[in-house]
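Both counts, for ligands and for their atoms, begin at 1 and track the order of listing. Every value quoted in this text rests on a predicted model; they were computed, and no experiment measured them.
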Amino acid sequence: MYSVTVGWGRKRAVKTILDGLGGHAAPGQLLAVMGPTGSGKTSLLNALAGRLPTGGTLEGSVTVNGQHRGPGFRSITAFVTQDDVLFGTLTVRETLRFAAGIRLPAAVGDAAKAALVDRVIQHLGLAKSADTLVGGGTTLVRGVSGGERKRTNIGVELLSNPSLLFLDEPTSGLDAFQAQNVMQALLAVAGEGRTVVCTIHQPRSSIYALFDHLCLLSEGRLLYFGAAAGAAGYFAAAGHVCPPHHNPADFLLDLISVDYRFTESEAATRERMRALAQQFATQASTQAQLAGSNGAGAPSGAAPQDSGSSSGGGGGMDAKPRFANGPFREFWLLLGRATRQASRNHAENIALLCQMAVIAAVFAWIYSNTSPSLPGGYQDEISLLFLCAVTVAMNSMMGSLILFSLERQVTDRERASRAYRVGPYYLGRTLVLVPRSIIQNLLFGSVVYWATGLNPTGVAFVLFCCVVICEDMTGQALGLAISAVVPEEKVALAVAPMVVIFLMLFSGFYVSSAAIPPVLKWVKYISHLYYGLQGLAVNNFSGRSGYACPVGAPQPCQLDGADILSQLGFEGDSVGQAFMGLLLLMLGYNVLAYVCLRLRKPRYMPLKVAKPSAEPLQPLQ
Ligand SMILES: Nc1ncnc2c1ncn2[C@@H]1O[C@H](COP(=O)(O)OP(=O)(O)OP(=O)(O)O)[C@@H](O)[C@H]1O
Ligand SMILES: [Mg+2]
């Protein structure tokens, strides 16, 4: 029984989504869960696989080979979600190779893994498109067809060599031919001795003919569970005869769907459903009792023994699932994947470089006539340095901000199957951002620096570039921390400007340190913008002199760099201090992002084990 609470206040009510279901699936068989939309197919599949999101109550008993599901259950099962969650910038073969590398232990050997991948490619009919990019998702790449993407998704899960494969609507969004191909591939998978359970909405008759067993749901209740070939006969005996040459799936769905068009039709169809559910419950329980009294019934919830082809088998149900590889190997594999992704995102890489080059060119143009000898010229230099610090701070944060949100679907799936640890993923993902950061900021610095009147020494230029690169990497870490905390991409985009404005306010440019309320004085120490501006200003003004005073000041008047740094609140500071601040902040933000990411692991609802009230339902033959 699965129920959730819906509504608020007085309208709060308990909604029962699954009620009194029972059945079993056996190795070598394809069990299809069929029913109209909203009948509870996905909920049932999630409940069986232990993947129902938290919130609500789930009661019942799910056993595998006679044992209750334990922590080891995950390692013998695989779950293919309705949406294909794959990285679009990898080819089909690369996607499968990565899955084999990360999900199978190193002891299997690279050659054996490659052979296994080739076998899966052959088996799922992906040979023609093996070296085509998957495409879709957040990329602009067209990629493989929907059916091929679905089969790649199935292949990824198959590579963990599961005994039990759950698939939610593996044919949704596919044309009849592609759907047939996918279902045939699943039948072949079942033929290897695995148990395959899938939900399906409205299969054509040739697909229906592939099912071994059928579980028919309507409004969360069981209307039929048994041999798919026997379903039409069962309903015919109850007076609902499938017309000749009619697709049995269409007939069954018409029979068990509620007609919401009119009050009378809704009441009539609901009554028919209630009667069918009642009839099935009575018949199945009689059959179970008979089987029990004959001693022929299967033991409580038992499925036939697992085949030797599957990993783990039924044993190990209590063993905590372990990662297939050590953290080092995970890191290399994840770094390799992240590098491929980053290097293939041509449009994004070019756009980012152009963006920095254009901003740098505009700054260079506007500030090209500034000179320390012009009255107030130093103010132009301060503005330019502040603009550089803000540009880098914003750009880095925004660039990395939505990264985890975009990848979350894939990483959640991978983490749910315990494919790898968070640490190696985080390290690989962030390291890949480093070269981009260096290239972008060197380009930015080279265009801006020499075209304006900034400190014209080679050392000062190098330090300028180092400060912006460090600031950029710190901003990236902050962006990653935010994207690890927020629930989704849109929220991340709403939060980012707020954070930037907040940090800008305390950077030392808009409000002098003395004017900031004491209770908020600490904020600048968590601002990469503050350290960025500090580093750039100290690097530019230290040891320089001969700046003309602003217009209106008593003339003749000259300022030196120390006076300007004092005005900014950076007197006595050094570039080293700024570097130290940025490095500490970078470390802090990275630790924060890592911890948040770790805590954000997908959480599923536990099953309250209830004693089965009757013998488990035996499939009608
Ligand atoms: N967490 C939840 N809170 C409220 N209602 C829920 C929740 N989960 C599922 N439901 C409701 O339970 C019913 C069954 O949902 P489920 O997604 O299992 O149906 P389905 O048979 O998979 O439908 P479809 O064919 O459209 O995918 C639906 O009416 C859905 O709105
Ligand atoms: Mg569904």
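- Taking 2.8 Å as the criterion, Thr42 counts as a coordinating residue of the Mg ion (ligand 2), since one of its N, O or S atoms falls below it.
- Here the straight-line distance linking atom CD of Glu157 with atom OG1 of Thr81 works out to 8.0 Å at 0.5 Å rounding.
- Protein residues are said to neighbour a ligand when one of their heavy atoms lies under 4.0 Å from it; for ligand 1 these are Tyr2, Val4, Val6, Lys15, Ile17, Pro36, Thr37, Gly38, Ser39, Gly40, Lys41, Thr42, Ser43, Glu169, His201.
- Pairs engaging residues 157-212 under the ring pair (Phe, Tyr, Trp, His ring centres under 6.0 Å) rule: Tyr208-Phe211 [sequence neighbours left out].
- Within the 4.5 Å cutoff, side-chain heavy atoms of Pro170 are placed close to those of Leu186.
- We find the CD1-SG distance between Ile200 and Cys215 to be 13.5 Å, quoted to the nearest 0.5 Å.
- With rounding to the nearest 0.5 angstrom, the OG atom of Ser172 is 5.0 Å from the NZ atom of Lys150.
- Looking at His24 and His213, their side chains never come closer than 4.5 Å, going by heavy atoms from C-beta outward.
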